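Shown next, in structure tokens, is the structure this report addresses.
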Amino acid sequence: MRWSNLHTPTLRDAPADAEAASHKLLIQAGFIRQLHAGHYSLLPLGQRVARKVAQIIREEMDAIGGQEFLLPAMHPASLWQKSGRWEIMGDEMFRLIDRKGAENALGMTHEEVFAQLALEITSYKTLPQIWYQIQTKFRDEPRPKSGLLRVREFAMKDSYSFDIDQDGLDRNFDLHHGAYVRIFERLGLPAVPVDASSGAMGGSGSTEFMVPSPAGEDDVVICPSGDYAANVERASSSLPAVTDRNIPELARFATPGVRTIAALETVEGGAPADHQIKTMVMVLDGSVTLALVRGDHQLNLQKLQDVSGAIEVRPATPDEALAALGAHPGSLGAVGVTGLRIIADHALNGRQGLCTGANEDDWHYTGVSVARDIAVDQWADLREVAAGEACPQCGSPLDIVRCIETGHIFKLGTKYSEAMGASVLDPDGTQRPIVMGSYGIGVERAVAAVAETFHDDRGLQWPISIAPFAAVITVVSVKDEASMTAAEDLYTQIRDHGVDVLLDDRDARAGVKFADAELIGIPFRITIGPKALADGEVEFTDRATGLTDRVGQADVVGHLLAALANQR
RNA sequence: CGGGACGUGGCGCAGGCUGGUAGCGCACCUGCUUUGGGAGCAGGGGGUCGUGGGUUCAAAUCCCGCCGUCCCGACCA
């Protein structure tokens with residue numbers, strides 16, 4: 001490609017309103033342009049990178065026996081009604097009505113369509129199968145943000161495995177796990193597999209692949225010794241035991257103005273936070289529920305959602321809390337409460353001598369025994385792990401790291417195959433639902449994650465595996481005939497080796513060309529200038545290190561090939 | 001959905017308070033000079049000032065509605 005013919009609208013300045021590094025740089029370097037919120041056009045450079053990412057994904061999916069499909073992006077409502085997700089997906093699904101008045105949806109994912117196709121699998125003998133596609137997904141995100149990191153329209157590789165039983169699913173899950181590790185390695189991404197919540201997908205287990213980055217939106221609990229990693233929505237830790245205070249009698253006491261855990265710690269008759277019960281009034285699918293955690297602990301909403309099975313989880317408004325319990329937030333408690341579902345965190349199990357709100361403003365209880373005084377319906381892990389708590393495996397202090405979710409693999413089980421009626425006959429002639437798994441990687445998000453991970457103050461630094469071009473030949477003076485002849489010759493030679501090379505033949509100043517090449521992040525630059533050329537030499541610059549070598553004109557192709565092989 | 005900011009040539013912004021010919025930098029076009037780290041001079045093209053209404057002799061500017069965008073939070077497979 002000749003730069004004079006390449007549409008690369010690089011900007012002198014990064015867009016003022018962009019926050020994330022990938023967002024700024026992908027726009028500034030001319031990879032993407034926004035059409036509207038959450039919808040981006042990929043310009044030639046962006047498309048080149050996205051294609052290379054997709055190609056790596058394809059190769060690794062094919063390597064584990066995946067078969068590529070391409071399914072429709074628009075689906076009939078009936079399909080989603082069959083699985084029950086027409087309602088569950090709520091506002092996040094784009095819906096439209098066609099000229100006949102029929103309801104349609106733009107696909108957010110393709111479990112239903114693939115399960116529908118799996119109706120034609122009728123015998124265990126044709127299992128297992130791995131089916132995949134790279135297809136546009138549509139999700140009406142409440143808040144698109146950070147350039148390509150969270151959008152409403154994006155390409156996703158989604159694959160689905162079909163097995164006769166759980167063992168088969170486990171094998172396909174492991175195959176995908178391995179493929180994902182290799183994919184992220186080839187992208188250069190330091191992705192960490194972590195235990196995750198399955199959320200609305202359901203199923204028996206899921207693993208997320210997380211790339212540490214301040215631009216991420218998930219917090220991951222990681223043990224520095226490497227034996228534990230989990231999303232905070234799922235993570236647990238070991239807690240030191242707390243010795244209960246000896247307050248055998250339940251007693252109400254006045255606490256004028258006390259509305260917080262901290263205030264209750266210092267008031268006369270109060271208690272340290274780990275001897276308090278925090279009562280969170282939540283609304284789960286419209287019904288008021290009490291979620292109890294220890295006073296110094298934080299409730300994790302996703303955990304509550306997972307253990308309750310609720311679709312919609314939100315904190316109650318102060319008015320709702322007042323209506324349900326008779327007091328305002330700050331004086332709420334579960335002692336003696338009946339008629340409301342009560343879910344309590346394990347850390348409260350068996351505790352005594354605790355303090356909690358008395359459901360009357362300015363009054364609290366002390367001497368609460370959970371077993372005696374609170375009608376807990378369900379014990380569960382509700383609390384969010386905090387940094388520094390002990391690893392459940394080895395006891396080391398845990399780190400909490402902000403991450404970008406670049407991949408997520410799920411053991412679905414039979415939820416969708418049963419809903420869609422996909423079953424096979426087993427060797428005994430019994431009809432059995434197909435056991436499914438589902439596995440996703442967002443293509444543009446992977447591009448953004450690489451941009452987040454590899455950049456410096458001059459611009460992007462693509463790994464060779466997905467760089468839009470592996471090398472650029474920068475001609476310092478295009479009016480110098482000897483330079484252009486040498487450049488054209490090199491350009492041809494390098495292309496003949498199958499290397500993506502860009503010839504910067506623009507009639508621009510050297511500084512502009514250097515700055516553009518660095519901004520775009522092309523891994524290697526061969527600079528052809530009159531001075532070195534007079535000695536029969538050119539310059540070879542490594543974008544990542546910034547180091548420049550003088551190389552003989554005749555040796556530079558070999559030098560480039562060696563550098564590419566070295567870093568590939 | 002809550003909070004905040006913003007919308008003026010392709011990009012970045014000023015102007016707005018105090019209404020009166022729409023401006024600056026970058027980019028773009030032409031010419032000359034220059035030419036190894038984002039050149040200089042001269043000339044030139046390009047804007048329904050997001051949108052609808054209102055006030056006024058007169059609105060980018062004041063008032064109201066709407067739309068859109070960004071950031072924080074909520075939310076989010």
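Here the structure is a predicted model, which is why all the values come from computation and not from measurement. Here is the naming used below: chain letters follow the sequence lines, and residue numbers restart at 1 for every chain.
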Considering only heavy side-chain atoms of A:Arg150, the closest of B:rG37, B:rU69, B:rC76 is B:rC76
Distance-only donor-acceptor check, side chains A:His39 and A:Glu153, under 3.5 Å: yes
So what does A:Arg525 hit on the nucleic acid, given a heavy-atom distance under 4.0 Å: a base, only sugar-phosphate, or nothing? base
Residue A:Pro142, side-chain atoms from C-beta onward, closest of B:rC75, B:rG38, B:rG37: B:rC75
Looking across every strand, which nucleic acid part, if any, lies under 4.0 Å from A:Ser146 by heavy atom: base, sugar-phosphate, or nothing? sugar-phosphate
Integer angstrom distance from the P of B:rG52 to that of B:rG9: 16 Å
Pairing partner of B:rG43, by Watson-Crick or G-U wobble and under 3.5 Å for both distances, is B:rC29
Which of B:rG38, B:rC71, B:rU69 is nearest the side chain of A:Arg12? It is B:rG38
How long is the line joining CZ of A:Arg445 and C1' of B:rC76, in whole Å? 10 Å
Specify the separation, in whole Å, of atom CG of A:Asn300 and atom C1' of B:rA74. 14 Å
For B:rC72 and A:Arg143 - does any side-chain N or O of the residue sit under 4.0 Å from the phosphate oxygens OP1/OP2? yes
Could you work out which one of B:rG38, B:rU34, B:rC11 sits closest to the side chain of A:Val512? B:rG38
Looking only at side-chain atoms of A:Val476, point me to the closest of B:rC71, B:rG36, B:rG38. B:rG36
The answer to which of A:Ala515 and A:Pro144 contacts RNA chain B further toward the 5' end, by nearest nucleotide, is A:Ala515
Separation between the C1' atoms of B:rG47 and B:rA14, rounded to whole Å: 15 Å
Below 6.0 angstrom between ring centroids: does that apply to A:Trp131 and A:Tyr160? no
If you only use heavy atoms from C-beta on, which nucleotide in B:rG36, B:rC76, B:rC72 is closest to the side chain of A:Glu19? B:rC72
Does a nitrogen or oxygen in the side chain of A:Gln28 sit under 4.0 Å from OP1 or OP2 of B:rC11? no
Between B:rG37 and B:rA22, how far is it from one P atom to the other, in whole Å? 43 Å
Could you check which of B:rG38, B:rG36, B:rU69 has an atom nearest any side-chain atom of A:His36? B:rU69
Rounded to whole angstrom units, what separation is found between the NZ atom of A:Lys24 and the C1' atom of B:rC70? 13 Å
Under 3.5 Å for both donor-acceptor distances, Watson-Crick or wobble: does B:rG38 have a partner, and if so which one? none
B:rC57 - base-pair partner by Watson-Crick or wobble geometry, distances under 3.5 Å: B:rG20
Given that both distances must come in under 3.5 Å, which nucleotide forms a Watson-Crick or G-U wobble pair with B:rC75? none
Once hydrogens and angles are ignored, does a donor-acceptor distance under 3.5 Å link the base of B:rG37 to the side chain of A:Glu518? yes
Ignoring hydrogens and geometry beyond distance, is a side-chain donor-acceptor pair present between A:Thr527 and A:Arg525 at under 3.5 Å? yes
Lys/Arg N to Asp/Glu carboxylate O, A:Glu217 vs A:Arg150, below 4.0 Å: yes
To the nearest angstrom, how far is A:Arg33 atom CZ from B:rA27 atom P? 16 Å
Please give, in whole Å, the distance from B:rA27 P to A:Arg509 CZ? 11 Å
Nearest to the side chain of A:Gln34 - B:rG36, B:rG37, B:rC70? B:rC70
Length of the line joining A:Glu405:CD and B:rC75:P, which is rounded to integer Å: 16 Å
To the nearest Å, give me how far apart CD (A:Glu217) and P (B:rC71) are. 11 Å
Using the C1' atom in both, what is the distance from B:rG20 to B:rG10, to the nearest Å? 30 Å
Using the C1' atom on both, measure B:rU34 against B:rC67 and round to a whole Å. 49 Å
Is the A:Phe114 to A:Phe69 ring centre distance short of 6.0 Å? yes
On RNA chain B, more 5' by nearest nucleotide between A:Gly147 and A:Glu233 is A:Gly147
Tell me whether A:Lys137 forms a cation-pi arrangement with A:Phe154, defined as NZ or CZ under 6.0 Å from the six-membered ring centre and within 45 degrees of its axis. no
Rounding to the closest angstrom, what is the interatomic distance between B:rC71 and B:rC28 at atom C1'? 32 Å
Paired with B:rA5: which nucleotide, if any, by Watson-Crick or G-U wobble criteria at under 3.5 Å for both distances? B:rU69
Geometric class of the A:Phe31/A:Trp462 ring pair [parallel <30°, tilted 30-60°, perpendicular >60°]: tilted
Closest approach to the side chain of A:Ala37, judged atom by atom: which nucleotide of B:rC76, B:rG36, B:rC70 is it? B:rC70
The ring pair (Phe, Tyr, Trp, His ring centres under 6.0 Å) partner of A:His177 among A:Phe209, A:Tyr439, A:Phe410 is A:Phe209
Between B:rG44 and B:rG38, how many Å separate the two C1' atoms, rounded to a whole number? 23 Å
Roughly, in whole Å, what's the span from CD in A:Glu141 to P in B:rA74? 15 Å
